[in-house]
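Following: one structure in structure tokens, then a few remarks.
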Protein chains: 2
Amino acid sequence: MSNDDAMRQYNIQNYRTPDGYTSDIAVFTIVSEKTAEYKPPSMTLKLMLIKRAKHNSEKQFNIEAEKWALPGGFVQDDETAFEAAGRELLEETGVSNIHLKQFGIYDKPGRDPRGWIISNAHYAIVSSQQLAQRRADDDAAEVALFSMDEVYNLNLAFDHREIIKDAFAVIKQDLLLTTVARKFLPEQFTYSELQSVLLTVTDDSAISSDAGFARKIKSLPFIEVVEGQKTQRTSKIPTQLYRFVHTDADIIKPIYTARY
Amino acid sequence: MSNDDAMRQYNIQNYRTPDGYTSDIAVFTIVSEKTAEYKPPSMTLKLMLIKRAKHNSEKQFNIEAEKWALPGGFVQDDETAFEAAGRELLEETGVSNIHLKQFGIYDKPGRDPRGWIISNAHYAIVSSQQLAQRRADDDAAEVALFSMDEVYNLNLAFDHREIIKDAFAVIKQDLLLTTVARKFLPEQFTYSELQSVLLTVTDDSAISSDAGFARKIKSLPFIEVVEGQKTQRTSKIPTQLYRFVHTDADIIKPIYTARY
DNA sequence: TTTTTTAATTAACAAATTGTTAATTATTAT
DNA sequence: ATAATAATTAACAATTTGTTAATTAAAAAA
């Protein structure tokens, strides 16, 4: 029997099929507040949300209108949800070539009043400079950035509160267990800039200690000194620049061999 | 506008919707070969696969027949894929109350010749004792366990080669970065039993060193000594038993504070 | 009964790393 | 010239690791 035969055979079965497949994106950025010249920045991790418009482009009332929501939309039949996330991020914010990672599926029956709709959730890392050029599209009345604390006081659409909670947990974990922090930093960075990024998600004393972290960064196998490159953007004294080593293999340090 | 209105409005849109939503499960087990009395076991991580039958229960030719595949099936509209995974695992192997975790989505257009079918992949951890009582159902002609090496020589259905590759990477990571190893062990275990589980996915010398690991296990905050409990199942000399501490909070040890 | 064998455990100790506080450096601002 | 300050290094005790060897307790063999 050919696959076509099998397909026809499958079609006669009376399974109900999903009413839609959406791709949602938790867009993270780090807002770097420069308190003064020659000072390391103070960073805050923020999530971009859109306020769903009252009406859609055809002047009809929108579902879950006027609630805050993750950007996203329906996946087309010629693309993956990952590709859809990239496309929608471009439509929504005008940015491309963004770090994207799939992190969860939301498929609880009844989660979307429009029917059986499966949401595939991703997170994105966008620099605040890139986001500054964002533009709202038809469906998005308003765009804003919220800190972790602020998000939980909002009126959120669908099950986006749960998705956002998971997104924060995943980005926190990834920032500490992978080298994804590089996506929040320029190609070359100082120890205090990397430290600031990590301190947005942890208060580990081994990371917050300046002397300790400045000593440790030099022995990390996935970071290298950029010889002869210094900057004065974080202090009066010219400061050493570092970069992440290009490597595909990810580091796994077992919890069984760590110090406690 | 009510949600019902919005729903009607949505329905008139002409998006194509998926033709199916499936839940697949990578069932892992550790086969413990007892080489002799009073010896620690030698363990191998194995994946359970089913050989797709030539015909289905209605005597029709099966799609991707006679290839090896992950167990799984269509998600129903009144359940999540996670729940479907549990249900299918019960139908397929007769085991319930199994550790399950969602790890990936496979949605590339054309991945399934039957149409636009989205696969939600999970891994399960089942003891080999539980699997021993497995039973094949109508769709599964044959069931077998394969080591990581063996799997890659098989003729695998759909895109299951890719899913399995990811499943092995995820279970390896989880075994080393979480306490999920407990699911492969009895409630109380010796240091060498835990060590054997970990050595199925790593050759880290800090774990393979007996003296080192036996010393280290006593200082891990998520493992505790079971006072006064000893066993002789791994050696002539009565050996201390340990257990995982009950805790929900997961341990995150940054790669930035590890030793290299 | 004595000896051998073996996994678990402890001991021992040098080497490496960390935690911590203080000192030094290089530059800007006053 | 002096004060201020982030980065960096120094200093050193405390902790942890890597490593090898010794010890323990029970079973098996002689």
Side-chain angles (χ1 to χ4, degrees), chain A residues 32-43 188-197 199 202-221 223 225-242 253-260, chain B residues 32-43 188-197 199 202-221 223 225-242 253-260:
Chain A
S32 181
E33 281 154 66
K34 201 154 187 60
T35 51
E37 279 300 297
Y38 308 111
K39 251 198 183 323
S42 154
M43 298 184 175
Q188 299 185 4
F189 51 87
T190 68
Y191 89 93
S192 66
E193 289 171 333
L194 171 57
Q195 186 188 33
S196 292
V197 168
L199 290 178
T202 186
D203 58 359
D204 190 315
S205 65
I207 289 173
S208 61
S209 152
D210 291 334
F213 195 68
R215 178 174 62 187
K216 183 73 183 179
I217 196 174
K218 287 183 287 187
S219 68
L220 297 175
I223 289 180
V225 169
V226 187
E227 291 298 345
Q229 287 296 299
K230 304 215 171 192
T231 183
Q232 279 182 277
R233 63 180 180 247
T234 62
S235 83
K236 294 164 189 168
I237 173 174
T239 305
Q240 182 61 55
L241 286 167
Y242 297 87
K253 278 288 164 181
I255 60 174
Y256 298 95
T257 59
R259 297 174 138 225
Y260 293 93
Chain B
S32 181
E33 280 151 66
K34 201 155 188 58
T35 50
E37 278 300 299
Y38 308 111
K39 250 198 183 325
S42 153
M43 299 185 175
Q188 300 186 4
F189 52 87
T190 68
Y191 89 94
S192 66
E193 289 171 333
L194 171 57
Q195 187 188 33
S196 293
V197 169
L199 290 177
T202 187
D203 57 1
D204 190 317
S205 64
I207 289 174
S208 62
S209 151
D210 291 334
F213 196 68
R215 179 174 61 186
K216 182 75 182 176
I217 196 173
K218 286 184 287 185
S219 68
L220 296 176
I223 289 179
V225 169
V226 187
E227 293 297 347
Q229 287 297 298
K230 304 215 171 194
T231 183
Q232 278 182 277
R233 63 180 179 247
T234 61
S235 83
K236 295 163 189 166
I237 172 177
T239 304
Q240 182 61 55
L241 286 167
Y242 298 87
K253 278 287 164 183
I255 59 174
Y256 298 96
T257 59
R259 300 175 137 224
Y260 292 93

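Lettering of chains follows the sequences in order, A, B, ..., and the numbering in each one begins at 1.
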For residues 202-220 of chain B, the side-chain hydrogen bond (donor to acceptor under 3.5 Å, both in side chains) pairs (sequence neighbours left out) are B:Gln195-B:Asp210

Please round to the nearest 0.5 Å and tell me the distance separating atom CG of A:Leu220 and atom OH of B:Tyr260.
6.0 Å

Ignoring backbone atoms, establish whether B:Lys216 has a side-chain N or O less than 4.0 Å from OP1 or OP2 of D:dT16.
no

B:Phe189 CZ to B:Leu241 CG distance, which is reported to the nearest 0.5 Å:
9.0 Å

Summary of salt bridge (charged side-chain N to carboxylate O under 4.0 Å, His left out) pairs that have at least one residue in residues 226-238 of chain A, sequence neighbours excluded:
A:Glu193-A:Arg233

Give the first and the last nucleotide of DNA chain C, reading 5' to 3', that has any atom under 4.0 Å from a heavy atom of chain B.
C:dT5 to C:dT18

Side chain of B:Thr239, backbone of B:Ile237: donor and acceptor closer than 3.5 Å?
yes

Side chain to side chain donor-acceptor pair (under 3.5 Å) with A:Ser192: which residues, sequence neighbours excluded?
A:Thr190

Is a donor on one side and an acceptor on the other found under 3.5 Å between the side chain of A:Gln240 and the backbone of A:Val226?
yes

One should read off an interatomic distance between B:Tyr191 OH and B:Ile223 CD1, to the nearest 0.5 angstrom, of 13.5 Å

More 5' along DNA chain C: B:Ala211 or A:Ala206, using each one's nearest nucleotide?
B:Ala211

Could you check whether A:Ser192 gets within reach of a base, just the sugar-phosphate, or nothing at all, counting any heavy atom under 4.0 Å?
sugar-phosphate

Could you tell me whether a side-chain N or O of B:Ser196 sits under 3.5 Å from a main-chain N or O of B:Pro41, the two making a donor and an acceptor?
yes

Are any protein N/O atoms closer than 3.5 Å to N/O atoms in nucleotides 25-30 of chain D? If there are, list each pair with its distance.
| unit_1 | atom_1 | unit_2 | atom_2 | d |
| --- | --- | --- | --- | --- |
| D:dA26 | O3' | B:Gln232 | NE2 | 3.2 |

Counting only non-hydrogen atoms, which of residues 253-260 of chain A are less than 4.0 Å from DNA chain C?
A:Arg259

Which part of the nucleic acid, if any, lies within contact of B:Lys230, taking any heavy atom under 4.0 Å across all strands shown: a base, the sugar-phosphate backbone alone, or nothing?
nothing

Between OH on residue B:Tyr256 and CD1 on residue A:Ile207, distance to nearest 0.5 Å
8.0 Å

Rounded to the nearest angstrom, tell me the gap between atom CZ in B:Phe213 and atom P in D:dG18.
13 Å

From CG of A:Leu241 across to P of D:dA7 the rounded distance in Å is 11 Å

Does A:Thr190 have a side-chain nitrogen or oxygen under 4.0 Å from the phosphate oxygens OP1 or OP2 of D:dA6?
no

